[in-house]
S.K.: 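Below are the structure tokens for one structure; questions will follow.
These numbers come from the heavy atoms of this one structure, side chains and all, not from hydrogens, waters or symmetry mates.
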Amino acid sequence: MNFETMSKQRKMVLIAAAVGIISMFLPWVSIFGYSVNGMSDWGILVFLCFVAAGVLAYTGDQTKNLARTNWMIVLIAGAVASLIMVIGFLRALDVLRAVGIGFYLAMAAAIGIVAFTFMNRSAEDNLQNGFDSLKSSFNNKVNTTPTGTTTTTTSTTNVSHTPANDPTRPTV
């Protein structure tokens, strides 16, 4: 991988994801000399979002922006991480002195992933096309069957049933 030839979108997402991953191991809360990093509770989901964004930014043709499906997945991963971080920030408003540098870096990285992914998108990428691409990609994966297997279909028949004909149920 040549960092100079990488697209601006991929570079920025990769940098933000790397900062986010590093921030997970820095102190998120420091009270009375005791500190906790981000690798607990919802922080694990934030970490997985950073990893997913970084991996998708690193794979594929580095000279081009993210493909539409990958673009949408990175955008969703960044949005999930951002939402969790903002909710965590709002919950910690009363004890902001105890919030550590790792928390602020993770929040900035999560928001950065969303901003860099969206602002540096290709001209034809928009949210509607992204969701459509994600949906069709998911449907293609679900509807394909492995080679050598057969699929069977079953038909259903509607049967009318009245409670009066049911011997186990008393009528009222």
S.K.: Could I get the full list of side chain to side chain contact (heavy atoms under 4.5 Å, CB included) partners for A57, not counting sequence neighbours?
M.R.: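 If we apply the side chain to side chain contact (heavy atoms under 4.5 Å, CB included) test to A57, skipping adjacent residues, the hits are V13, L14.
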
S.K.: Using the test side chain to side chain contact (heavy atoms under 4.5 Å, CB included), find all partners of A92 that sit at least two apart in sequence or belong to another chain.
M.R.: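 By the side chain to side chain contact (heavy atoms under 4.5 Å, CB included) rule, A92 matches V95, V99.
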
S.K.: Suppose we screen for ring pair (Phe, Tyr, Trp, His ring centres under 6.0 Å). Which residues come up paired with F103, at least two apart in sequence or across chains?
M.R.: W28

S.K.: Using the side chain to side chain donor-acceptor pair (under 3.5 Å) criterion, which residues pair with T63? Sequence neighbours excluded.
M.R.: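 In terms of side chain to side chain donor-acceptor pair (under 3.5 Å), with neighbours along the sequence ignored, T63 is linked to D61.
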
S.K.: Taking the side chain as C-beta and beyond, is there a heavy-atom pair between L45 and V80 under 4.5 Å?
M.R.: yes

S.K.: Using the test side chain to side chain donor-acceptor pair (under 3.5 Å), find all partners of D132 that sit at least two apart in sequence or belong to another chain.
M.R.: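 Q128.
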
S.K.: How far does NZ of K8 sit from CZ of F116, to the nearest 0.5 angstrom?
M.R.: 9.0 Å

S.K.: In the hydrophobic cluster built from side-chain contacts under 4.5 Å, what are the other members alongside V36?
M.R.: Y34

S.K.: Tell me which pairs pass salt bridge (charged side-chain N to carboxylate O under 4.0 Å, His left out) where either residue lies in residues 41-52, with sequence neighbours left out.
M.R.: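 Counting only pairs at least two positions apart or across chains, no salt bridge (charged side-chain N to carboxylate O under 4.0 Å, His left out) contact touches residues 41-52.
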
S.K.: So, using side chain to side chain contact (heavy atoms under 4.5 Å, CB included) as the criterion, who are the partners of N65 when residues are at least two apart?
M.R.: S7, Q9, S122

S.K.: State which residues pass side chain to side chain donor-acceptor pair (under 3.5 Å) with S82; sequence neighbours excluded, sorted by chain then number.
M.R.: none

S.K.: So which pairs with a foot in residues 69-86 pass salt bridge (charged side-chain N to carboxylate O under 4.0 Å, His left out), sequence neighbours left out?
M.R.: none

S.K.: Return the CG to CG distance between L75 and L56, rounded to the nearest 0.5 Å.
M.R.: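 Answer for the CG-CG pair, L75 versus L56, is 12.0 Å.
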
S.K.: In chain order, what residues pass the side chain to side chain donor-acceptor pair (under 3.5 Å) check against R121, with sequence neighbours excluded?
M.R.: none

S.K.: How long is the gap from OG on S40 to CZ on F47, to the nearest 0.5 Å?
M.R.: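 Here the interatomic distance stands at 13.0 Å.
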
S.K.: Would L90 and V114 show up in the same hydrophobic cluster when neighbours are defined by side-chain heavy atoms closer than 4.5 Å?
M.R.: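 Shared cluster, yes.
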
S.K.: Answer whether the closest heavy-atom distance between the side chains of L66 and R10 falls below 4.5 Å.
M.R.: yes

S.K.: Treat each ILVMFWY residue as a node, draw an edge where side-chain heavy atoms are under 4.5 Å apart, and state whether L83 and I113 are in one component.
M.R.: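 Per the 4.5 Å side-chain linkage, L83 and I113 are not co-clustered.
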
S.K.: Quick check for you: to the nearest 0.5 Å, what is the distance between C49 atom SG and I73 atom CD1?
M.R.: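 Answer rounded to 0.5 Å: 12.0 Å.
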
S.K.: Measure across S35 and P27 and return the closest heavy-atom pair with its distance rounded to 0.1 Å.
M.R.: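 In terms of heavy atoms, the two residues are closest at CB-CB, 4.0 Å.
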
S.K.: Hey, any chance I87 and I44 share a hydrophobic cluster, counting ILVMFWY side chains that come within less than 4.5 Å of each other, even indirectly?
M.R.: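 The answer is no; the residues belong to distinct hydrophobic clusters.
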
S.K.: Ignoring hydrogens, what is the shortest heavy-atom contact between M6 and Q62? Give both atom names and the distance.
M.R.: CE-OE1, 2.9 Å

S.K.: With sequence neighbours left out, what residues match S136 under side chain to side chain contact (heavy atoms under 4.5 Å, CB included)?
M.R.: none

